[in-house]
Each structure stands twice: as structure tokens, then as C-alpha cells.
Number of protein chains: 2
Amino acid sequence: MTPMTVTLSDVAREAGVSLATASRAINGSANRTVRPDLREKVLDAARRLRYSPDANAQAMARGRTTALGLIVHDIADPYFSTIASGVTSAAERAGLVVTLASTERDGDRELAFVELMQRQRARAIILAGGRTADEEANARLSSALEEYRSRGGGVAAVGQPLLGVDTVTIENQRATGELASRLHALGYRRFGVLAGPEGHLTAEARFEGLRDGLAGLGVEIDDAHVVRGPFTRDGGFEGMRTLLGRSADGTCPVDAVFAVNDVMAVGAMAAARAAGLSVPDDVAIAGFDDILTLRDIVPSLTTIRLPLADIGVMATELALAPPRDEPRVVPVDGQVIVRDSTPRRS
Amino acid sequence: MTPMTVTLSDVAREAGVSLATASRAINGSANRTVRPDLREKVLDAARRLRYSPDANAQAMARGRTTALGLIVHDIADPYFSTIASGVTSAAERAGLVVTLASTERDGDRELAFVELMQRQRARAIILAGGRTADEEANARLSSALEEYRSRGGGVAAVGQPLLGVDTVTIENQRATGELASRLHALGYRRFGVLAGPEGHLTAEARFEGLRDGLAGLGVEIDDAHVVRGPFTRDGGFEGMRTLLGRSADGTCPVDAVFAVNDVMAVGAMAAARAAGLSVPDDVAIAGFDDILTLRDIVPSLTTIRLPLADIGVMATELALAPPRDEPRVVPVDGQVIVRDSTPRRS
DNA sequence: TTGTAAGCGTTATCAG
DNA sequence: CTGATAACGCTTACAA
């Protein structure tokens with residue numbers, strides 16, 4: 001009867017060759033220095049015994065694993081799952097296996113996961129999801145990553161180039177700057193912003209791009225029309241409610257609202273409707289990301305398209321590329337897409 | 001200077017104890033039979049040397065890994081990414097690391113990934129995503145899973161209980177049966193169905209539940225109003241277009257369309273609008289899944305809610321539970337949610 | 001070409 | 001409670 005677990009030694013014995021030969025025959029690395037007939041014998045034996053090489057043992061012996069760590073804030077969020085799909089496809093191409101960690105937006109867990117990947121001896125780590133302005137957390141994370149890299153691991157981040165590692169940066173500010181002029185050209189002058197959490201760097205960059213862009217056109221955003229809140233659908237909903245509540249007479253205090261991401265924009269639309277307002281007649285709304293699942297909503301959402309899957313691919317390639325002295329920064333631009341949620345203002 | 005890679009031996013030497021003691025002190029398993037002062041010395045040394053245990057070596061020595069394999073059709077699809085979020089959280093609770101594979105709906109890759117996980121000696125595999133009626137592919141997969149289980153791995157599937165493994169099944173047919181009566185009660189009589197791909201068991205179950213439910217109420221679905229196509233947004237869009245094209249005079253041949261999932265339903269809405277039809281005035285639409293990201297679309301979508309994250313958790317628990325002789329089947333029911341896309345027909 | 005044997009970093013067994 | 005030392009399953013010099 002077959003042993004509980006078939007090892008390469010079993011295969012070698014069965015094939016009547018040495019362990020080394022069996023290894024060479026099965027692995028068949030670069031220089032296949034093994035006689036064809038022996039090779040066949042080994043492969044046969046392996047098949048007969050249903051041999052399955054132990055990747056852990058291989059990793060151990062070879063001194064390198066085949067794992068790639070992917071750390072996201074929340075895999076259920078379409079933003080991250082789309083990036084993840086890019087990462088998995090690039091990883092597969094590279095013959096790597098993706099280890100997924102979802103931090104639920106908890107900085108401590110992010111750090112813990114980096115350490116976990118380090119213990120797994122993952123070849124590289126990809127950190128998707130923006131940083132916050134929490135200097136201390138960033139420093140801790142940076143030093144964990146530095147440690148990891150000093151041990152030969154590759155790292156790439158998606159977001160802000162704060163960690164001292166290769167980063168795919170998103171040109172948030174430029175994109176929202178362009179959005180500002182597009183909306184301005186469409187006739188909008190009174191803006192509200194659902195600005196996301198304080199200290200969320202992506203959210204802030206997006207907000208600032210819009211604000212500065214408008215400022216350049218002579219339009220100020222009233223502080224009373226900037227609402228902070230979670231980077232989520234509910235954050236958008238509540239934010240919009242708050243914004244509407246700030247007008248004395250119940251009418252909408254602005255004619256366009258920019259939400260710093262699409263899911264917030266959708267929440268905002270829901271809140272506007274719940275308040276009896278029509279989108280876009282009473283208030284226009286724009287988002288950011290161009291989430292695929294939301295591409296068919298009505299009114300179609302003006303937003304900024306990000307090539308999320310490509311970003312995942314790029315980050316993977318960056319993380320796997322031979323290290324450089326200077327951290328690389330690969331900027332990815334967003335494309336403003338004007339749709340029905342921000343029609344021309346007459 | 002610190003060695004390129006710090007091993008437990010280094011720590012032991014630095015602490016002036018034996019390898020064994022160092023191991024015991026750091027691992028501190030159940031019976032911590034190590035004197036406190038030595039323990040401290042070891043921990044100190046480890047900290048000083050920035051020691052990071054090698055999970056691979058541990059796995060090798062302990063004879064069991066800490067990996068859990070998750071195989072999905074497409075991680076970018078909100079259906080799967082939500083299940084994945086349940087899996088990651090349950091896995092984390094169990095102290096396991098999730099290895100993610102996205103097959104892009106390719107049966108061969110699915111098989112290849114099972115074998116890959118087997119090589120990784122993953123503790124368990126979770127197969128999310130339905131089967132097709134391809135007997136041969138299912139048989140191949142089944143036998144690979146059987147092999148894996150015979151070697152001590154746990155397996156759980158989400159979908160149909162076809163693989164001979166523990167399965168979280170979704171009561172598709174019951175749910176769409178209920179949907180049928182709800183829609184019937186609302187006054188709908190002429191139904192169209194965007195039925196997904198031929199041989200896609202989930203799609204078929206959903207379709208059949210509706211058809212049989214309606215039949216029980218004396219309503220037949222005209223074959224000409226059943227359109228096959230991909231299980232995707234574009235499948236829904238094209239399917240709706242086809243359905244509309246089948247009416248001679250350009251008017252809508254049905255008063256309600258059921259799409260076998262939400263993203264198809266959204267595609268269908270888009271197609272209806274593109275054809276100049278109003279949803280729900282000219283045609284009502286219902287979906288399946290209750291994807292979170294789509295919960296705010298207008299008109300709000302009548303659908304069937306599935307507790308996707310919970311399903312991920314349940315599948316994980318099933319896969320990790322001690323094996324039984326008989327495959328377990330855990331049925332999960334969907335909840336019909338009637339919203340604005342299927343108003344009462346006057 | 002093939003075989004022997006020395007690791008790879010831990011854990012675990014078994015004496016002290 | 002602690003310390004040698006043998007596994008764990010595989011790769012890879014180094015020899016033959």
C-alpha cells in the first residue's frame with residue numbers, strides 16, 4: 001500500500017535510481033543532465049506513486065520561496081479586488097503564488113501582516129491602499145519593510161511614495177485638478193466636497209487637486225461645504241446628509257458635489273435622493289476610480305478612471321524587479337470621464 | 001555584523017543556550033517547560049538579532065503548514081471578492097494564511113491550482129464558484145480533490161454538492177421559486193430570462209426555480225424569451241438586446257426580465273435604456289446576489305440576498321473541520337428583496 | 001551522467 | 001528543565 005505521504009526517496013527507490021537523479025529528472029532545471037531512459041523511469045515511478053513535490057521542502061532547500069504577499073485594506077472593496085486581479089495574473093505569470101491579507105483598514109494588522117510575510121519568506125510584498133498621515137504608524141511600517149528588504153525581499157506600494165519603497169503613484173491631484181476645470185467649464189461654481197477621513201492621504205490629494213484647480217479659476221470652496229467622513233459608501237451617504245443639513249432652508253447649498261471615490265459618490269446620490277433632491281438636476285455629483293460595477297448606474301457617474309488591474313500588474317513587476325538604490329516611482333494618471341451626473345449648467 | 005539571515009541557532013548562541021531551548025522559549029507551545037530567566041535571555045537575543053522564524057522550516061519540521069487555498073473564478077467579481085473577505089477573516093481567526101488563485105473561469109487552471117495547493121501542502125482548499133455540467137472536467141477535479149483529501153487536506157466548495165466534498169450550497173431554486181410568486185403577486189405575467197451560459201449549474205438552477213415557480217402558478221415562460229449568454233455584465237447587456245430584438249415591432253415582448261445575477265441585471269438595465277425603454281415602467285428587472293456595491297442603483301434592484309461573506313466563513317469552517325465519512329452539505333438560503341425595479345403592475 | 005552526502009531552519013524525541 | 005541529535009523532504013556541490 002502507498003505510504004501516507006510519498007516522498008522523492010520513494011520515487012527514487014521505485015525507479016531504482018538515487019535521490020539526486022530523481023530530483024534532477026523531476027525538476028529538470030536548466031541543465032537536464034539525466035539520461036532519457038532514466039528520466040522516463042523516474043517520471044513513471046512518480047506518476048505511479050502519485051508523487052507530489054513538497055513546495056515547502058523545495059523552498060527550504062533552494063533557499064527561496066515562491067510566495068508573493070498582497071496586503072489590501074479590504075478585499076471586498078472593488079477598488080482593491082480589481083488591483084488584486086492584476087496582481088494574481090502577474091504573479092501567475094511569474095510562477096508565484098499570492099498570499100492575501102485583508103487588514104480591514106487596521107494599521108496594526110498591516111504591520112503584523114508584513115511581519116507575517118517576512119516569516120513566510122515571501123519573495124515580495126505588495127502594499128495596496130493608501131497611507132494615512134499617522135507618522136508613527138508609517139515609520140513603524142517603513143522600518144518593517146526596510147528590514148524585509150534588507151533580507152532580500154522586494155516591496156512595492158500603490159499610493160503615496162512615503163514608505164521609501166518602489167511605488168505606483170496615482171496622480172490624484174492632477175486628475176482632480178483637471179476635473180475642476182472640466183466642471184468649471186460646464187458651468188459649476190458652488191462646490192461641495194465629501195472629503196474622506198482627515199489624514200487619509202489619497203483623499204486629501206484628491207480634495208486638494210480639486211480645490212487648487214478651482215482656486216486657479218477663481219472659485220473658492222466654502223469650508224462649510226467640505227465634509228469629512230469615512231472613505232466608504234456610508235461615509236458618502238452621511239456626508240451628503242450633513243452637507244444638505246447645513247443649508248438653512250433645506251435647499252441644496254451647492255450645485256456640484258465631489259466625492260473622493262465612487263462608492264462615496266453613490267452613497268451621496270442615495271442621500272440626495274432620500275432628501276428629495278434630483279441628481280443631477282438639483283445637484284451634480286462626481287466621483288473617482290471608475291469602478292467597473294458602477295459603470296451602468298443612472299445617472300452615469302462623472303469620475304476619474306484608474307487602470308486598477310494594470311496598477312496591480314505594475315506593482316507586481318516593480319516588487320519583483322531587481323532592487324535599485326533609489327526607490328522607483330511609477331506615476332499612473334487618471335482619466336477624467338464626464339458623464340450624465342454632471343451635465344452642462346445652463 | 002549581522003548575518004545575512006538570522007537563524008534560531010544564532011539566537012541560541014547569542015543567548016548562550018541550546019538550539020532546543022531557544023526553540024522552546026520562542027515557540028512557547030502548550031507546555032512552556034523553560035525557566036523564566038532563560039526564556040527572557042532567549043527572547044532578548046532574538047530581539048537583538050531581529051530574529052524572524054522561518055515559517056517554511058517550521059512547517060517542514062512540524063509536518064503541517066499554515067496555508068489555506070482559496071480558488072475563485074474571478075477575484076475582481078464582487079461576488080467572489082465578498083466571499084473572499086469572509087474566507088480571509090475566518091482564516092485569520094484560525095491562524096492561517098490565505099493563498100489566492102483566480103482561475104479566470106478556466107477549468108484547467110482550476111485543476112492546476114488544486115494541484116498547486118497540494119504541492120504547497122495547504123491545510124485546506126476552498127473552491128468558490130459554481131460547477132458546469134462538464135462531466136469530464138468535474139470528474140478530473142473530483143479525483144484531484146479526492147487525492148488531496150486522502151493526504152489529509154480539507155476541502156469545501158461553494159455551490160453545488162457535486163464534487164463529493166463538503167459544500168455550502170445555495171438554495172438557488174427555492175429562492176427564485178419564491179421570487180416567481182412574489183413577481184406573480186405583483187401582477188407580472190410575461191417573463192423574460194437572461195439565463196446565463198448553457199451548462200452553468202448555478203445559472204440553470206436559478207432559471208429553473210423561476211420557471212417552475214411560475215409554472216406552478218399557471219404561467220409559462222416563452223422559449224423565445226429565454227436568452228443564453230455569459231454570466232457577466234456584458235452578457236446581461238447583450239442578452240437584453242437580443243431579447244428586445246426578438247420582438248417584431250420594437251416594443252418590449254415581456255413585462256419582467258429576470259437576470260440570473262445582479263451584474264447581468266445591471267447590464268440588462270443599461271440595454272433597456274439604450275433601447276429607449278424605461279425601467280421599470282416599460283420593463284421590470286430582477287437580479288440575484290444583492291451585491292453591496294449595487295445596493296444604491298436607481299431604480300433599486302429587486303434581487304435575492306445572499307450572505308456572501310458568511311458563506312466564505314462557513315466554507316472555511318467546513319474545510320477546516322475534522323473530516324467525516326459523508327460529505328456535509330450546508331444549505332444557505334437567499335432572501336427575496338423586492339425593490340423598485342419591479343413595482344406592482346396595475 | 002550518476003551517486004553520496006551535506007545542508008536548509010525548525011521541531012521533537014530522548015536522554016541527562 | 002535542558003541539551004544533543006535525529007528527523008522533515010528536497011536541492012546541490014562534490015566525487016566517482
Side-chain angles (χ1 to χ4, degrees), chain A residues 2-43 45-46 49-67 118-122 151-152, chain B residues 2-43 45-46 49-67 118-122 151-152:
Chain A
T2 320
M4 200 37 233
T5 170
V6 183
T7 74
L8 190 53
S9 307
D10 298 323
V11 175
R13 192 177 326 112
E14 171 87 4
V17 302
S18 76
L19 219 202
T21 301
S23 171
R24 293 191 269 249
I26 288 187
N27 177 306
S29 79
N31 32 359
R32 42 196 282 295
T33 65
V34 85
R35 226 192 315 151
D37 59 318
L38 277 193
R39 187 186 186 68
E40 262 326 303
K41 263 220 282 239
V42 172
L43 261 30
L49 267 34
R50 324 204 104 258
Y51 169 70
S52 162
D54 183 325
N56 269 289
Q58 292 183 311
M60 166 117 263
R62 295 207 247 251
R64 71 198 139 78
T65 66
T66 168
Q118 150 81 46
R119 283 199 292 275
Q120 310 285 337
R121 302 293 187 263
R151 267 127 141 132
Chain B
T2 319
M4 200 36 230
T5 170
V6 183
T7 75
L8 191 53
S9 306
D10 298 323
V11 175
R13 190 176 329 112
E14 171 87 4
V17 301
S18 76
L19 217 203
T21 301
S23 173
R24 292 192 270 250
I26 288 187
N27 178 306
S29 80
N31 31 2
R32 42 197 282 294
T33 64
V34 86
R35 227 193 314 151
D37 58 320
L38 276 194
R39 187 186 188 67
E40 261 326 302
K41 262 219 284 239
V42 172
L43 263 30
L49 265 35
R50 323 204 105 260
Y51 169 69
S52 162
D54 182 324
N56 271 291
Q58 291 183 311
M60 165 120 261
R62 293 206 248 250
R64 70 195 141 80
T65 66
T66 169
Q118 150 81 48
R119 283 199 291 277
Q120 310 285 337
R121 301 294 187 264
R151 268 127 140 128

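Bear in mind the structure is a predicted one, so any value in this text is a computation, not a measurement.
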Nearest-neighbour nucleotide for the [X] side chain, [options] considered:
X: D54(B); options: dT4(C), dG9(C), dT11(C); result: dG9(C)
X: T21(A); options: dC8(D), dT11(D), dT2(C); result: dT2(C)
X: A61(A); options: dT10(C), dT11(D), dT12(D); result: dT11(D)
X: S9(B); options: dT10(C), dG3(D), dG3(C); result: dT10(C)

Return the value, rounded to whole Å, for the distance between atom [atom1] of [X] and atom [atom2] of [N].
X: Q120(A); N: dT10(C); atom1: CD; atom2: P; answer: 13 Å
X: L38(A); N: dG3(C); atom1: CG; atom2: P; answer: 7 Å
X: R13(B); N: dG9(C); atom1: CZ; atom2: P; answer: 12 Å
X: L8(B); N: dC8(C); atom1: CG; atom2: C1'; answer: 14 Å
X: M60(B); N: dG7(C); atom1: CE; atom2: P; answer: 17 Å
X: Q58(B); N: dC8(C); atom1: CD; atom2: P; answer: 17 Å
X: D10(B); N: dC8(C); atom1: CG; atom2: P; answer: 11 Å
X: K41(B); N: dT2(D); atom1: NZ; atom2: C1'; answer: 13 Å

Q | Distance in Å, R62(A) CZ paired with N56(B) CG, rounded so as to fall on 0.5 Å steps | A | 12.0 Å
Q: Please assess R24(A) against T33(A) for the test side chain to side chain contact (heavy atoms under 4.5 Å, CB included), listing each intermediate value before the final yes or no.
A: CA-CA 7 Å; R24(A) 293 191 269 249; T33(A) 65; 3.9 Å; yes
For [N] and [X] - does any side-chain N or O of the residue sit under 4.0 Å from the phosphate oxygens OP1/OP2?
X: R62(A); N: dT11(D); value: yes
X: S23(B); N: dT11(C); value: yes
X: N27(A); N: dT11(D); value: yes
X: T7(B); N: dG9(C); value: no

(Q) Could you walk me through whether V6(A) and R50(A) satisfy the side chain to side chain contact (heavy atoms under 4.5 Å, CB included) test, starting with their C-alpha distance in whole Å, then the side-chain angles of each, then the deciding distance to 0.1 Å, before giving a yes or no? (A) CA-CA 8 Å; V6(A) 183; R50(A) 324 204 104 258; 5.8 Å; no
Q) Would T66(B) and Q120(A) satisfy side chain to side chain contact (heavy atoms under 4.5 Å, CB included), going step by step from the backbone distance to the final call? A) CA-CA 10 Å; T66(B) 169; Q120(A) 310 285 337; 4.2 Å; yes
Q.
Please compare A20(A) and S18(B) by the position of their nearest nucleotide in DNA chain D and report the one closer to 5'.
A. S18(B)
(Q) Under 4.0 Å, counting only non-hydrogen atoms across every strand here, what does L19(A) touch: a base, just sugar-phosphate, or nothing? (A) base
Q) Within the modelled atom types, does a donor on one side and an acceptor on the other bring the side chain of R24(B) and the base of dG3(D) under 3.5 Å apart? A) yes
Q.
Hydrogens and angles aside, do T21(A) and R35(A) bring a side-chain donor and acceptor to less than 3.5 Å of each other?
A. no
